[in-house]
Amino acid sequence: MSKIYVIGIGPGAYDQMTGKAIRAMNESDAIIGYTVYVDLVKEYFPGKEFMTTPMKKEVDRCVLAFEEAKKGKTVSMICSGDAGVYGMAGLMYEVGVNYPETELEIIPGVTAATGGAAVLGAPLIHDFCLISLSDLLTPWEKIEARLLAAAQADFVVCLYNPSSKKRHDYLQKACDLMMKYKSPDTICGTVSNIARDGQEAHVMTLKELRDTQVDMFTTVFIGNSQTKEISNKMVTPRGYRNV
């Protein structure tokens, strides 16, 4: 039976990958992924066969992985962050229905929520949710409903894909929706280029976040009603009590 590893490589730095991810890529004959992600790992795995597809060619990328596995190769399909969080794991299973002779193994990685949280301090200690502001695959009406529900329930909210050239005002729109239930003084944070060159982190209020410029390489954290700033770090209490 042929084998494909579906691997989350985290931010892309070698020391941010799990040992299991590194072993799987060392065992693989071919490493396949989006061009940007393959470029992040190439130097660490010399001698491997690398194959890429551009953005919006995710189905083609999955088919390519299965076709290479059919040739008897062990294949690694890589994703940034975690393969099961806005990654390729689900699509690989869907495409894999047509390749029943190929075994899939999912290997988790550090997603932007946990990687960024470590930089900011401890924003995700209590209940939280992840919401992508990209409406490429999800209608904005559904994203809006999720933002409102999360704000009303007082979740800490982590936002992926907060802005792009076509969606330059989406973070503003998200903040306006959240301020229907969250205080403008809610502690928030942003981290850009997590664990990569140019990493930056900032702690601010929700009102200030609304007018902050971000991009697709920024992860946004919006606190709950208990989140506070401690020594310029974003901290959400877990709720432990002194007994």
Side-chain angles (χ1 to χ4, degrees), residues 1-14 16-42 44-45 47-115 129-143 146 158-162 164 166-167 194 216-217 219:
M1 194 174 205
S2 56
K3 180 74 170 278
I4 299 176
Y5 296 106
V6 187
I7 302 172
I9 62 170
Y14 189 82
Q16 293 266 346
M17 298 181 208
T18 66
K20 190 172 185 179
I22 291 168
R23 286 195 299 273
M25 282 189 275
N26 279 326
E27 292 171 8
S28 296
D29 302 298
I31 297 175
I32 297 173
Y34 172 47
T35 309
V36 172
Y37 306 149
V38 167
D39 287 344
L40 289 171
V41 304
K42 259 185 177 179
Y44 306 119
F45 302 96
K48 302 299 179 184
E49 187 177 4
F50 293 97
M51 303 177 190
T52 66
T53 65
M55 188 75 78
K56 298 183 181 179
K57 293 291 184 180
E58 288 81 6
V59 174
D60 292 349
R61 198 179 309 152
C62 292
V63 171
L64 175 62
F66 282 106
E67 289 296 327
E68 291 301 309
K70 275 180 69 174
K71 299 174 184 177
K73 299 177 184 177
T74 299
V75 175
S76 283
M77 165 70 80
I78 63 171
C79 318
S80 68
D82 182 284
V85 180
Y86 301 109
M88 299 290 286
L91 186 56
M92 285 292 288
Y93 277 111
E94 292 181 83
V95 174
V97 169
N98 299 315
Y99 299 87
E101 72 285 354
T102 301
E103 176 189 0
L104 293 178
E105 181 177 344
I106 312 300
I107 299 178
V110 177
T111 188
T114 51
C129 65
L130 306 181
I131 300 175
S132 171
L133 294 190
S134 172
D135 58 359
L136 187 63
L137 301 175
T138 306
W140 174 253
E141 292 75 19
K142 186 168 286 189
I143 296 171
R146 290 170 178 171
C158 181
L159 298 178
Y160 283 14
N161 307 311
S164 68
K166 292 183 179 179
R167 300 181 293 102
I194 299 167
M216 288 289 283
F217 297 103
T219 305

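Here, residue 1 is the first one in the sequence, and each next residue gets the next number. Bear in mind the structure is a predicted one, so any value in this text is a computation, not a measurement. We use all heavy atoms of the structure for the numbers below, so side chains are in, but hydrogens, waters and symmetry mates are not.
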Subject >> Non-neighbouring partners of Leu136 that pass side chain to side chain contact (heavy atoms under 4.5 Å, CB included), sequence neighbours left out >> reply: Lys56, Ser134
**OP:** Go through the structure and list residues passing side chain to side chain contact (heavy atoms under 4.5 Å, CB included) with Leu130, not counting sequence neighbours.
**Re:** Val85, Tyr86, Ala113, Phe128, Cys158, Tyr160
Original post:
What is the minimum heavy-atom distance between Tyr5 and Ser28, and which atoms define it?
Top reply: CD1-OG, 3.8 Å
Original post:
Does a side-chain heavy-atom distance below 4.5 Å link Ile78 with Ile32?
Top reply: no
Original post:
How long is the gap from CZ on Phe50 to CD1 on Ile31, to the nearest 0.5 Å?
Top reply: 4.5 Å
**OP:** Output yes when a side-chain donor or acceptor of Ser164 lies under 3.5 Å from a complementary backbone atom of Arg167, and no otherwise.
**Re:** yes
Subject >> Minimum heavy-atom distance between Cys62 and Met88, given as atom pair plus value >> reply: SG-CE, 3.5 Å
Subject >> Listed partners of Asp82 passing side-chain hydrogen bond (donor to acceptor under 3.5 Å, both in side chains), at least two apart >> reply: none
Original post:
Sequence neighbours excluded, which residues qualify as side-chain hydrogen bond (donor to acceptor under 3.5 Å, both in side chains) partners of Lys71?
Top reply: Glu68
**OP:** Could you pull out the closest heavy-atom pair between Met51 and Val38, with the gap in Å?
**Re:** O-CG2, 4.0 Å
**OP:** Taking all heavy atoms of Asn26 and all of Lys48, pick out the closest pair and write down the distance.
**Re:** O-NZ, 2.6 Å
Subject >> Non-neighbouring partners of Glu49 that pass side-chain hydrogen bond (donor to acceptor under 3.5 Å, both in side chains), sequence neighbours left out >> reply: Lys73
Original post:
Quick one: do the Asn161 and Ser132 side chains pair a donor with an acceptor below 3.5 Å?
Top reply: yes
Subject >> From CA spacing to verdict: side chain to side chain contact (heavy atoms under 4.5 Å, CB included), Arg23, Thr18 >> reply: CA-CA 9 Å; Arg23 286 195 299 273; Thr18 66; over 6 Å; no
**OP:** List for me each residue that meets ring pair (Phe, Tyr, Trp, His ring centres under 6.0 Å) alongside Tyr14, sequence neighbours excluded, and say none if there are none.
**Re:** Tyr44
Identify every side-chain donor-acceptor pair in residues 100-107 under 3.5 Å, counting partners at least two apart or on other chains, and give the distances.
| unit_1 | atom_1 | unit_2 | atom_2 | d |
| --- | --- | --- | --- | --- |
| Thr102 | OG1 | Ser2 | OG | 2.8 |
| Glu105 | OE1 | Lys3 | NZ | 3.0 |
| Glu105 | OE2 | Lys20 | NZ | 3.3 |

Subject >> Partners passing side chain to side chain contact (heavy atoms under 4.5 Å, CB included) against Arg146 (at least two apart in sequence or in another chain) >> reply: Ile131, Thr138, Lys142
**OP:** For residues 19-40, pull every pair meeting ring pair (Phe, Tyr, Trp, His ring centres under 6.0 Å), keeping only residues two or more places apart or in separate chains.
**Re:** Tyr34-Tyr37
Original post:
Who pairs with Glu67 by side-chain hydrogen bond (donor to acceptor under 3.5 Å, both in side chains), at least two apart in sequence or on another chain?
Top reply: Tyr99
Subject >> Approximate separation, where rounding is to 0.5 Å, of Cys79 SG and Glu58 CD >> reply: 10.0 Å
**OP:** Rounded to the nearest 0.5 Å, what's the gap from CD1 on Ile7 to CE on Met17? Could you check?
**Re:** 9.0 Å
Subject >> Pairwise distance CG(Asp29) to CD(Glu27) - rounded to 0.5 angstrom >> reply: 10.5 Å
**OP:** Check whether any side-chain heavy atom of Thr52 lies under 4.5 Å from a side-chain heavy atom of Arg61, and answer yes or no.
**Re:** no
**OP:** Just jot down the side chain to side chain contact (heavy atoms under 4.5 Å, CB included) partners of Asp39, sequence neighbours excluded, or say none.
**Re:** Thr35, Lys42
Original post:
Hey, are the side chains of Thr219 and Leu159 touching, using non-hydrogen atoms and a 4.5 Å cut-off?
Top reply: no
Original post:
Just wondering, more than 12 heavy atoms not from Phe45 lying within 6.0 Å of its CZ?
Top reply: yes
